[in-house]
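Keep in mind that what you see is a predicted model, and the values were worked out from it rather than measured.
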Amino acid sequence: MKSYKIIPLLALVAVMACQPQAKSQPQEVTSVEGTDELGWKLEQQVVKDVDNLQFTFPAEGYAYENREAFVKECQEAIKSNCKTLEVDEYTEVIKIRFVRSRAEMFRHVGMEASGTSNSWLKEVHLLATTDKESPEADKIIKPPIKHELMHMMSNILWTYPQPEMNWMNEGLATLAEDNCNGYRVSEIYRYMLENNLLYPMDSLSSDFYATDEMIGYHQSAYITQYLKETYGTDKLRDFWQKGFAGFEKVYGKSWNEMEKDINRKVREMYAEVPDINWDLFSEGCKSQ
């Protein structure tokens, strides 16, 4: 087991005291591998504040090499999400940490996700890696930046939704990306409608995270899109905050009536059903 070489502190102070004072020069940081005799491991990272965003990246690897591009992508995602939420700007502090593996993600947040958002701590964790540095990666894993930042922004601006609205929380974040394997959420919904894959709303609202992710997330995303485009963002926010019990008060009709309108609209949009290979699609949204 490797150990770190430690220079005795008193000897170092004595040497420095005998030398003339000079301006300190920035020192190059080098990587140190292994752990010391007590099991402590040195992990290096780089940090940078950009306006209200506080970034942390690993000091090497895919995320580090693409750090400036990821910073720009985060900034562009916030601008895009502001348009969706119909706000001029977002100035709350967000701490954004990029990690190199699902194991590292688990150590930080307790789950092996590709991205997480914690609106209480104002922290977003994003996985960005390649199969060269992370054994579970398939080529390149690009982080769901718009998705997780939409969670952060909507949960701060609109408040964290009630559990029965988890479907809309995930639906709005999925709509922010509006792309899975090259298909928009409206196309995916149309395919699922034609093939009887959609869940009843009772399933979405009662235990959303028990539903199939590829169905539940995209079904919820298109429902959210329809409500926003047809009735406006103010009503969508009002519904988000009131919970499902307030649906008829907000929209003036029952869910069953609304569902018929949604399905009618998507059939008009896509008279020809999108040709999706569902066996391949259901494996998940491929990053690249």
- Is there a side-chain contact (heavy atoms from CB on, under 4.5 Å) between Glu123 and Lys95 once you walk through the steps? CA-CA 5 Å; Glu123 291 180 346; Lys95 293 170 279 189; 3.8 Å; yes

- Check the surroundings of atom CG in Asp88: do more than 12 heavy atoms from other residues, nucleotides or ligands lie under 6.0 Å from it?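 Count not over threshold, so no.
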
Report the distance from atom [atom1] of [X] to atom [atom2] of [Y], rounding to the nearest 0.5 Å.
X: Cys82; Y: Met153; atom1: SG; atom2: CE; value: 3.5 Å
X: Glu148; Y: Ile94; atom1: CD; atom2: CD1; value: 11.5 Å
X: Asp207; Y: Trp167; atom1: CG; atom2: CH2; value: 15.5 Å
X: Asp51; Y: Ile78; atom1: CG; atom2: CD1; value: 9.0 Å
X: Asp238; Y: Leu236; atom1: CG; atom2: CG; value: 9.5 Å
X: Glu187; Y: Asp275; atom1: CD; atom2: CG; value: 11.0 Å

- Item | Carboxylate-amine/guanidinium contact Arg190 Glu272, below 4.0 Å |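 Answer for the salt bridge query: no.
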
- Item | Salt bridge flag under 4.0 Å for residues Glu60 and Arg100 |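 Here Glu60 pairs with Arg100 in a salt bridge, since their nearest N and O are under 4.0 Å apart.
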
- Item | Positive for side-chain contact (heavy atoms from CB on, under 4.5 Å) with Lys122, one of Asn155, Asn52, Ile156 |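 Passing option: Ile156.
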
- Evaluate side-chain contact (heavy atoms from CB on, under 4.5 Å) for Leu85 paired with Leu172, printing each intermediate quantity in order. CA-CA 10 Å; Leu85 296 171; Leu172 184 60; 4.1 Å; yes

Would you find a donor on one side and an acceptor on the other, under 3.5 Å apart, between the side chain of [X] and the backbone of [Y]?
X: Asn166; Y: Tyr209; value: no
X: Ser220; Y: Tyr217; value: no
X: Trp240; Y: Ser154; value: no
X: Asn181; Y: Gly284; value: yes
X: Ser203; Y: Tyr199; value: no
X: Asn66; Y: Ala69; value: no
X: Ser282; Y: Trp278; value: yes
X: Tyr90; Y: Leu157; value: no
X: Thr56; Y: Arg97; value: no
X: Asn195; Y: Met192; value: no

Taking the side chain as every heavy atom from C-beta outward, state whether [X] and [Y] have any atom pair closer than 4.5 Å.
X: Pro143; Y: His125; value: no
X: Thr129; Y: Ser101; value: no
X: Tyr222; Y: Ile188; value: no
X: Cys74; Y: Leu149; value: yes
X: Met165; Y: Phe208; value: no
X: Val185; Y: Gln219; value: no
X: Ile223; Y: Leu204; value: yes
X: Tyr191; Y: Phe281; value: no

Grab the two heavy atoms, one from [X] and one from [Y], that are nearest each other, plus how far apart they are.
X: Arg237; Y: Asp234; value: NH2-OD1, 3.1 Å
X: Arg102; Y: Ser114; value: NH1-N, 3.4 Å
X: Leu198; Y: Ile215; value: CA-CG2, 4.5 Å
X: Asn81; Y: Ala176; value: OD1-CB, 3.6 Å
X: Ala77; Y: Lys146; value: CB-CG, 3.6 Å
X: Ser117; Y: Val124; value: OG-CG2, 4.1 Å

- Message: Set out, in order, the CA-CA distance, both residues' side-chain angles and the distance that settles ring-ring contact (aromatic ring centres under 6.0 Å, His included) for Phe244 and Phe239, then state yes or no.
- Response: CA-CA 7 Å; Phe244 206 84; Phe239 176 40; 5.8 Å; yes

- Message: Check the orientation of Tyr251 and Phe247. Use parallel for under 30°, tilted for 30 to 60°, and perpendicular for over 60°.
- Response: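 Tyr251 vs Phe247 ring planes: tilted.
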
- Thr35 and Lys41: side-chain donor and acceptor closer than 3.5 Å?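 Thr35 vs Lys41: no donor-acceptor pair found between side chains.
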
Are [X] and [Y] connected, step by step, through hydrophobic side chains (Ile, Leu, Val, Met, Phe, Trp, Tyr) whose heavy atoms are closer than 4.5 Å?
X: Met168; Y: Tyr160; value: no
X: Val46; Y: Phe55; value: yes
X: Tyr183; Y: Leu280; value: no

- With sequence neighbours left out, which residue pairs that include part of residues 257-270 fulfil the side-chain hydrogen bond (donor to acceptor under 3.5 Å, both in side chains) condition?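 Listed by first then second residue: Ser186-Tyr270, Tyr189-Asn263, Lys253-Asp261, Ser254-Glu257, Asp261-Arg264.
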
- Task: Sequence neighbours left out, what pairs pass salt bridge (charged side-chain N to carboxylate O under 4.0 Å, His left out) with at least one residue falling in residues 155-174?
- Result: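 Applying salt bridge (charged side-chain N to carboxylate O under 4.0 Å, His left out) to every pair that reaches into residues 155-174, excluding sequence neighbours, yields nothing.
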
- Query: Think Arg67 forms a cation-pi with Tyr64, using NZ or CZ under 6.0 Å from the six-ring centre and within 45 degrees of its axis?
  - Reply: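 Yes, cation above the ring, under 6.0 Å and within 45°.
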
- Message: Walk me through whether Lys48 and Glu68 qualify under side-chain contact (heavy atoms from CB on, under 4.5 Å).
- Response: CA-CA 10 Å; Lys48 183 179 183 180; Glu68 291 298 329; 3.3 Å; yes

- Message: Checking Ala63 now: which residues fulfil side chain to side chain contact (heavy atoms under 4.5 Å, CB included) with it, not counting sequence neighbours?
- Response: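 Scan of Ala63 (side chain to side chain contact (heavy atoms under 4.5 Å, CB included), adjacent residues dropped) gives Phe57, Pro58, Phe98, Ala128.
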
- Task: Show your working on side-chain contact (heavy atoms from CB on, under 4.5 Å) between Gln54 and Ile96 and close with a plain yes or no.
- Result: CA-CA 6 Å; Gln54 300 177 356; Ile96 304 174; over 6 Å; no

- Task: Let me know which of Thr116, Asn169, Asn118 forms a side chain to side chain donor-acceptor pair (under 3.5 Å) with His151.
- Result: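 Exactly one option meets the side chain to side chain donor-acceptor pair (under 3.5 Å) with His151, and it is Asn169.
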
